[in-house]
Amino acid sequence: MTQILKGNIVAAPELGRLDITEHGYLTAEDGKITGVFADLPERYRQCDVQDWGDCLILQAPADMHVHGPQYAMMGLGLDKPLLEWLQSYAFPTERRFTDLGFAREVYRRLAHDLIANGTTRVAMFSSLHTDATLVLMEELEKAGIVGLVGKVNMDQNGAEGLQETTEGSMAETLRWLEGCERFTRVRPVLTPRFVPSCTGELLAFLGRLAAERDLPVQSHLSENHQEIELVARLHPDCPNYGGVYAKYGLWTDRTLMAHCVHSDGAERAAMKAAGVTVVHCPNSNNSICSGIAPVRKMLDEGLKVALGTDVAGGSHLSMFGAVEDALRCSKDRRILDNWETPHLTVAEAWYLATTAGERFFGAKGGFAPGDPLHAVVLDDSRLLTPYPLTVRDRFERCVYQRQDGWLRAVWSEGRQVL
Ligand code: GUN
Ligand code: FE
């Protein structure tokens with residue numbers, strides 16, 4: 001099947017670069033992009049064109065760190081720092097996911113709302129519950145979302161009713177992986193919650209499993225000072241927090257590490273050497289007062305950085321909002337650094353929200369030929385214009401001026417899902 005979308009096409013194929021094709025054509029065959037063209041190639045002249053007029057056509061963003069069950073508590077308890085917030089709000093929420101009816105209701109809403117925000121790819125944490133995790137994967141796949149979901153592992157420092165035994169966690173992980181075989185678009189990612197939640201024995205098991213089955217890994221790293229001190233007490237033999245994941249084989253180029261707010265030079269260098277992807281979650285870092293991640297510095301050092309909402313440490317589900325959050329956070333960092341580090345540009349932050357995540361999923365990014373088609377159409381015609389605006393101006397403004405009903409269409413892996 002051939003698809004041809006016409007409009008103002010904006011792509012971010014590299015950090016800081018924006019390719020803009022005004023009134024151009026984005027073409028795909030069997031769900032895979034074949035190109036972006038200023039003039040429609042001869043071979044497509046007989047095909048139907050979906051003409052979106054003066055609208056913007058953008059890459060659909062990828063949320064590379066989000067907690068599915070916490071969608072039920074979005075906005076709650078954000079006056080508390082991480083460890084207290086987990087005990088008072090996140091753990092009591094996740095405990096409810098033994099109830100599969102409740103899980104179904106929350107996850108159906110979440111899947112719908114992700115699409116309604118233009119997010120088509122995710123790297124998501126579930127709770128420790130195997131069956132609810134399979135419900136989550138089912139609802140995401142049904143809605144047309146692709147990506148990774150992890151059953152959380154936690155065999156220590158949990159809460160009443162929200163902790164596994166070591167053996168139970170291992171057995172349930174294997175049962176969950178069996179249950180995942182029926183899914184094609186939403187795939188499993190091993191998910192030790194964070195170092196304090198897991199014994200060394202469990203981390204070692206997950207590291208072996210990742211290697212044996214070639215599975216990706218996601219977790220949290222150096223988010224909050226108290227958390228880092230706790231990890232240092234639990235693992236005095238490791239050089240730093242990241243060293244614990246490295247020790248247990250959970251530190252590869254298929255690893256996502258959320259936050260890294262307080263990662264020092266050595267920890268950042270170790271991530272770069274191993275090919276670990278940092279997932280920056282600026283809204284969460286501000287909401288639960290974790291800190292201000294040095295994103296500009298990480299990028300300058302050559303680390304891979306993608307973007308996440310971290311719902312519900314983050315207070316909203318929009319990746320357009322996450323781009324705004326990243327920009328504000330990097331400006332705060334600049335102010336605190338006495339203007340010694342430049343802040344991110346809109347083009348750079350948009351790259352983090354799109355291509356950086358797409359690459360983790362094996363795509364080239366930036367509407368490259370061969371990539372699956374993930375795109376959104378934005379209608380900004382209701383915004384006032386003081387003088388004629390360029391497409392670039394309009395794109396940049398859309399990050400800050402998100403409007404009800406502005407998202408006219410969404411495609412995920414070539415399928416129109418909105
Ligand atoms: N660290 C361990 N668990 C969590 C969580 O649920 N959210 C955040 N932001 N950090 C964590
Ligand atoms: Fe998180």
Side-chain angles (χ1 to χ4, degrees), residues 63-97 106 110 122-129 132-133 136 148-159 162-164 189-198 202-203 206 217-231 234 241-242 244-245 250 255-263 277-293 306-317 319 322 325 329 357:
D63 188 344
M64 298 304 286
H65 185 76
V66 49
H67 295 260
Q70 294 176 16
Y71 192 52
M73 54 163 276
M74 193 164 62
L76 280 179
L78 297 176
D79 284 346
K80 290 196 186 295
L82 177 65
L83 300 181
E84 291 171 46
W85 172 83
L86 284 174
Q87 288 295 337
S88 313
Y89 294 92
F91 290 171
T93 298
E94 292 187 21
R95 197 185 285 139
R96 290 235 32 221
F97 286 76
V106 172
L110 171 61
V122 295
M124 188 178 286
F125 282 51
S126 177
S127 57
L128 59 74
H129 310 95
T133 303
L136 172 57
L148 298 169
V149 169
K151 172 217 163 321
V152 165
N153 295 97
M154 41 196 298
D155 69 339
Q156 64 177 14
N157 295 316
L162 194 77
Q163 187 170 301
E164 306 165 287
V189 50
L190 296 180
T191 307
R193 179 173 208 118
F194 66 159
V195 165
S197 294
C198 298
L202 182 56
L203 292 173
L206 295 171
V217 171
Q218 62 180 354
S219 196
H220 296 93
L221 177 65
S222 298
E223 177 178 3
N224 158 294
H225 286 302
Q226 279 176 302
E227 170 211 19
I228 295 167
E229 285 159 22
L230 175 58
V231 170
L234 290 168
Y241 190 159
V244 183
Y245 294 117
L250 297 162
T255 299
L256 293 168
M257 282 290 155
H259 305 300
C260 311
V261 175
H262 305 289
S263 295
T277 298
V278 173
V279 187
H280 178 44
C281 302
N283 186 296
S284 169
N285 297 160
N286 178 275
S287 290
I288 53 174
C289 284
S290 300
I292 304 174
L307 199 58
T309 60
D310 193 28
V311 159
S315 62
H316 65 73
L317 199 61
M319 284 300 292
D325 298 332
C329 165

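First listed ligand is number 1; within each ligand, the first listed atom is number 1. These values consider heavy atoms only, across backbone and side chains, with no hydrogens, waters or symmetry-generated copies. Note that the structure is a prediction, hence the values are computed from the model and not measured.
- Below 4.0 Å from some heavy atom of F194 lie the following atoms of ligand 1, by number and element: 1 (N), 2 (C).
- Counting only protein atoms, the N, O or S atoms lying less than 2.8 Å from the Fe ion (ligand 2) are H65 NE2, H67 NE2, H220 NE2, D310 OD1, ordered by chain and residue number.
- Between L307 and P282, the shortest heavy-atom distance links the atoms CD1-CD, 3.8 Å.
- Inspection of the S219 and Y245 side chains reveals an N or O donor paired with an N or O acceptor under 3.5 Å.
- Ring geometry for H220 against H67 counts as parallel: the plane angle stays under 30°, on a 0 to 90° scale with 60° as the upper cut.
- Those atoms of ligand 1 that come under 4.0 Å of a heavy atom in H259, given as number and element, are 9 (N).
- Every atom of ligand 1 with a heavy atom of L82 under 4.0 Å away is listed here by number and element: 8 (C), 10 (N), 11 (C).
- In this structure, H262 contributes its side chain and S290 its backbone to a donor-acceptor pair below 3.5 Å.
- Using a distance-only test at 3.5 Å, with no hydrogens or angles considered, no donor-acceptor pair links the side chain of E223 to the main chain of V261.
- The residue from D63, T191, L148, L136 that alone fulfils the side chain to side chain contact (heavy atoms under 4.5 Å, CB included) condition with M124 is L136.
- Applying the 4.0 Å criterion to heavy atoms of H67 picks out, from ligand 1, the atoms 5 (C), 6 (O), 7 (N).
- Using 4.0 Å as the threshold, W85 has a heavy atom nearer than that to some atom of ligand 1.
- Of all the atoms in ligand 1, the ones that sit under 4.0 Å from a non-hydrogen atom of D310 are 8 (C), 9 (N).
- Given atom 6 (O) of ligand 1, the protein heavy atom at minimum distance is R193 NH2, 2.7 Å.
- In E227, neither the side chain nor the backbone holds a heavy atom less than 4.0 Å from any atom of ligand 1.
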